[in-house]
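These notes are about the structure you will find just below.
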Amino acid sequence: MRIHLAKSAGFCFGVRKAITTALETAKTKKPVFMLGDIVHNEEVVKQIRDIGIKKINSLCRGKGKTLLIQAHGSPRRTLTQALKLGYQVIDATCPMVKEIHRIACNKESHGNQVIIIGDKKHDEVQGIVGQLKSRVLVIDRIQNVPLTKIKKIKKAGIVVQSTQNLENVLDILKLLRKYIPKLTFHNTICNPTKTKQNEVKTMPLKNTLMIIIGSKTSANTKRIYEISKSLNKNSYWVNSAREIKKVWFKKAKSVGITAGASTPESSIKAIIKKIKTITF
Ligand code: SF4
């Protein structure tokens, strides 16, 4: 059985940069804290914890402490509050996410209703919402477009969560264009996501089986899995070698493997090793 590993499998540059920043920050003598997880992957979070960086749920007295901002960014008020409380803030926000912040603020300052196409509860979307003074509309899928509100908007600027599925975005955009007279659209899906999604549009058609590696909390892995599953029903989403089942490979001639942007190389290697053990 042949194994094809996607070129784009695993860490994107934003995650790599955030992890490097975390490792560097941990070398300083000050205690380091994170609000939430630095990236959405349990193994990476454990590694970060093991080097002494502690996860917290809310800010407290920050004198003598360092606060690390996660790769997905955070609301502006978090930074302001942290500085007020005395933390030294180290910002590991991905540059592509910062660019979304910049565009959204610019659109708002020019009198646009800002609309984000993305998942309301995701850290990245909350971070974008938290850059703006006015009320933002967040739309995750075409079924949830609030038409009554949309029909009242005269001028809108649209940005997209960096890991969204392009097809979903274009469907929503098509509907919004029908009702909003002045609309500017910024496709802020990041390049690593575009590359991953492009690869997963052909791999499931060329392989009998697809394995998608990543945490169940990772939004971009979920999207890759959904695309793969829609093209090849023999698509499986796993986070560790333990989840691999021999029965999946019974009739498989080739397996395509890809992994989300926050999946470490060690997970990918362990899964390939397990597949080789049970199939060769
Ligand atoms: S997925 Fe894109 S936006 Fe998110 S950290 Fe990676 S490069 Fe940055």
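In each ligand, atom 1 is the first atom listed, and ligand 1 is the first ligand listed.
Residues Lys107 and Thr184 bring a donor and an acceptor atom of their side chains to less than 3.5 Å of each other. For the residue pair Lys121 / Gln126, no side-chain donor-acceptor distance below 3.5 Å is found, with atom types taken as modelled. Neither side chain, Asn239 nor Glu243, offers a donor N or O lying under 3.5 Å from an acceptor on the other.
Heavy-atom neighbours of Lys273 NZ from other residues, nucleotides or ligands within 6.0 Å: at or below the threshold of 12. In this structure, Lys54 places its NZ atom where only 12 or fewer heavy-atom neighbours from other residues, nucleotides or ligands lie under 6.0 Å away.
Within the protein, the N, O or S atoms sitting under 2.8 Å from atom 6 (Fe) of ligand 1 are Cys12 SG.
A side-chain donor-acceptor contact under 3.5 Å links Lys274 to the backbone of Ala241.
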